[in-house]
Amino acid sequence: MPPSVGSSRTTTVSSTGTETYLHHKAPHNRHHRHHISLSSSLPASASATVARVTSVLASSKGHQQANSSARSFVQVKSPHERTELELVDVWATTIPARMATSVVSHLKQELPKDPHSLLHLRRLVKEAEVEQQGSVLKASDQVVLNLLICSIDAVPSEDEIKRMLLSMTELQAAKMNDNKLFVPVIRKAPKYPALTKQQSKEWSDGTWPIMWRGNPHAIISELPSEDEDLYKRYIEKLLELTEKANNEGEMPVATLIVDPATYEIVASAVDTRKSSNNPLAHSTMTCIAKVAEKELWRRQNEATAMQSTKEPPPQAYLCHNLQLITTHEPCAMCSMAMVHSRISRLVYIKDMPRSGGIDRSSGPGYGIHWNKQLNWRFETWRWDGQNILLYDIDEATNA
Amino acid sequence: MGTIHHEYMKSALRMANLAFESDEVPVGCVYVHDGKIIAEGMNDTNRSLCGTRHAEFLGIESILQTHPANIFEETDLYVTVEPCVMCASALRQLKIRAVYFGCANDRFGGCGSVLRVNSDPGVERPFPAYPGFYREEAIMLLRRFYLQENEKAPTPKTKKSRELKTDFSPLDLGKYVPRGEIEKLYGREMLDNLVAAATAAAATASDEESDPSM
């Protein structure tokens with residue numbers, strides 16, 4: 001290997017690599033719909049690549065066979081999860097448990113449309129679960145539930161709430177028996193759904209409890225296993241690229257931009273800062289530029305073919321809905337380039353604690369992928385599976 | 001007014017005008033080495049269909065065609081709008097000596113407005129970034145550009161947004177430049193202005209600077 005590659009060093013490779021590779025490779029392809037077509041013949045000096053590729057495949061295989069719930073990617077934490085708890089005032093009251101169903105359906109008819117969505121809150125809560133809020137009116141000998149009625153903004157008047165409750169004859173009778181029931185009280189409740197299960201727990205402490213049903217819109221805590229398998233295939237491709245880059249004396253950092261709708265690799269690039277004398281020729285920047293060049297070329301060809309004098313279509317953000325897969329956590333420049341290009345998801349293998357622009361413990365903790373002040377966000381996943389043998393690069397490198 | 005920095009910024013403004021005439025977000029820059037402009041750049045995102053083709057990058061690439069990368073260690077950048085987070089990181093990786101800019105970039109600014117990529121702890125040495133050189137000219141160019149964009153839109157926005165605003169909120173210099181450096185760099189007059197501006201800023205809570213979507 002060329003000694004010029006900074007402080008990088010190559011990994012020792014077992015001579016049995018090729019054999020293992022072929023053994024794992026054949027069954028793997030058959031089981032996956034979306035595999036990246038690797039070069040049909042192995043390069044002469046492919047043993048290093050082979051060993052690395054094997055390691056990914058092996059972990060992928062292990063994952064399938066041993067434990068289907070084990071995951072190889074973790075979502076990179078972001079400032080997103082530091083969202084502050086906001087509260088809203090709600091009406092609540094106590095009702096006998098046996099009347100819960102009828103009271104809820106009665107109120108559904110009476111209540112106006114609530115300006116706050118309270119769907120993330122639990123509707124009925126046992127006494128013990130809200131006791132810590134104090135001033136709960138303890139009912140006598142029957143099983144009593146706390147009922148969330150509506151937000152104060154929906155019905156500001158206490159008299160109106162009382163009227164609604166007691167417009168149900170069944171309730172009037174029950175209240176005769178126990179005067180402490182059906183007294184409306186004001187409670188504090190989390191205004192918005194929690195983003196994580198942990199947050200849901202924290203927010204429910206001392207307020208009206210949240211119903212945790214996951215949050216499909218904001219955050220997924222696990223990648224679907226189909227995606228995991230797909231990214232493993234892309235990682236194989238990345239490892240091939242870094243191998244080649246390293247052999248050519250380049251920084252062994254590589255990037256793919258893929259279209260999740262078609263599984264197409266739209267562009268791929270390796271770092272060329274060494275050969276190009278440009279310290280900014282990072283693989284992510286080059287890859288993004290290639291996507292634009294490709295589209296520019298396509299539009300020009302299309303215009304020529306159609307002999308059209310029409311205006312070109314308005315500028316689209318060309319990486320919109322595309323995903324970026326790369327070997328190392330991108331630096332702040334590359335992370336922001338992804339914001340500018342509207343990349344929809346980032347997947348990377350290795351953190352760069354000194355220079356990275358994503359992870360909140362990298363560098364100054366920018367979390368550029370989910371910075372509220374910027375106008376675009378993308379979710380990010382990092383490899384967390386078994387060791388992938390990447391070439392070492394200097395930790396001070398901006399990847 | 002009329003420091004050497006203003007002279008270089010005039011050249012950057014000329015590039016921003018060129019961008020305007022080319023239907024690009026009007027941002028321009030020049031790189032100065034040894035008192036000489038060694039490269040110019042203007043925004044090129046619309047033509048190239050590439051959201052990363054900012055003025056700074058065009059200048060950088062032009063310099064690297066004929067110079068080694070270490071020339072940036074003794075090069076200053078003059079750019080009409082505060083470098084974004086991406087450009088600020090790029091400039092820091094190149095070890096640029098200093099950056100002078102016109103108006104702040106409240107949406108993406110990487111030299112104090114959104115993040116402080118130029119001065120945060122990091123791998124490369126930090127660089128100073130000085131705002132306020134022909135700031136109003138830089139803002140007016142952007143406003144004219146977005147006004148024109150609005151008029152081109154299939155459903156023009158309300159009449160109010162089509163009026164060219166000509167007032168400027170005060171620039172909080174102290175947010176970008178250590179106080180000790182302000183007088184040396186901008187002169188006594190700017191320091192007095194700053195004190196006045198800080199007082200005014202305290203009075204008006206919201207402070208809309210510029211709106212460059214680049």
Side-chain angles (χ1 to χ4, degrees), chain A residues 273 276-282 284-300 312-320 330-343 352 354-357 363-368 371-376 394-398, chain B residues 23-25 44-54 56-57 60-72 83-96 105-110 113-124 126 149 152-154 211-214:
Chain A
R273 75 186 75 178
S276 69
N277 178 40
N278 181 351
L280 308 180
H282 300 186
T284 293
M285 297 299 283
T286 309
C287 214
I288 287 172
K290 279 185 178 178
V291 173
E293 278 164 26
K294 204 171 163 179
E295 176 63 12
L296 198 59
W297 186 83
R298 191 193 64 78
R299 288 187 189 186
Q300 281 163 357
Q315 185 196 356
Y317 289 102
L318 290 171
C319 294
H320 204 183
C331 69
M333 170 181 71
C334 292
S335 304
M336 190 62 196
M338 281 181 249
V339 171
H340 286 314
S341 316
R342 308 294 190 263
I343 285 283
M352 294 300 285
R354 288 191 62 195
S355 63
Y366 290 140
I368 288 171
N371 184 312
K372 273 191 163 174
Q373 287 171 271
L374 301 174
N375 67 342
W376 184 253
D394 190 320
E395 60 168 13
T397 304
N398 289 283
Chain B
D23 271 345
E24 296 284 351
V25 176
D44 186 41
T45 54
N46 289 339
R47 187 208 58 80
S48 68
L49 302 178
C50 186
T52 63
R53 299 294 292 161
H54 289 186
E56 292 91 330
F57 272 78
I60 290 165
E61 279 159 27
S62 137
I63 291 171
L64 288 174
Q65 278 176 10
T66 47
H67 297 86
N70 66 7
I71 192 173
F72 287 99
C84 75
V85 169
M86 173 184 75
C87 290
S89 174
L91 292 162
R92 184 151 175 184
Q93 292 182 38
L94 292 170
K95 307 184 186 76
I96 193 103
N105 182 341
D106 285 347
R107 286 238 219 122
F108 305 118
S113 292
V114 177
L115 297 177
R116 291 172 195 278
V117 179
N118 64 315
S119 60
D120 279 334
V123 175
E124 292 85 10
E149 290 281 287
K152 275 195 239 160
D211 192 23
S213 77
M214 29 55 53

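Numbered from 1 within each chain, the chains take letters A, B, ... in sequence-line order.
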* **Lys290(A) with Glu293(A): basic N within carboxylate O range, under 4.0 Å** =>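 Here Lys290(A) does not pair with Glu293(A) in a salt bridge, since their nearest N and O are not under 4.0 Å apart.
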
* Contacts of Arg116(B) that satisfy salt bridge (Lys or Arg N to Asp or Glu O under 4.0 Å) - sequence neighbours left out ->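 Arg116(B) satisfies salt bridge (Lys or Arg N to Asp or Glu O under 4.0 Å) with no residue once adjacent residues are dropped.
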
* **Set of salt bridge (Lys or Arg N to Asp or Glu O under 4.0 Å) partners for Glu61(B), sequence neighbours left out** => Arg53(B)

* **Phe57(B) portion near chain A, given a 4.5 angstrom heavy-atom threshold** =>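 For Phe57(B), the contact with chain A is made by the side chain alone.
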
* Contacting region of Leu115(B) [heavy-atom separation from chain A under 4.5 Å] ->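 Only the side chain of Leu115(B) comes within 4.5 Å of chain A.
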
* To do: Answer with side chain, backbone, both or neither: which region of Leu296(A) has an atom nearer than 4.5 Å to a non-hydrogen atom of chain B?
  =>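 Backbone plus side chain of Leu296(A), per the 4.5 Å heavy-atom cut-off to chain B.
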
* To do: Identify which part of Met338(A) has an atom lying under 4.5 Å from any heavy atom of chain B, answering side chain, backbone, both or neither.
  =>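 Contact with chain B is absent: no heavy atom of Met338(A) under 4.5 Å.
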
* **Among Thr397(A), Leu374(A), Asn398(A), residue most engaged with chain B (heavy-atom pairs, under 4.5 Å)** =>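 Between Thr397(A), Leu374(A), Asn398(A), the count favours Asn398(A).
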
* Asked: Would you say Glu124(B)'s side chain and Leu94(B)'s backbone share a donor-acceptor pair under 3.5 angstrom?
  -> no

* To do: Could you tell me whether a side-chain N or O of Glu24(B) sits under 3.5 Å from a main-chain N or O of Arg47(B), the two making a donor and an acceptor?
  =>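 Checked: pair present.
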
* Max heavy-atom pair count under 4.5 Å with chain A, selected residue of Leu91(B), Val117(B), Ile60(B) ->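 The answer is Val117(B).
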
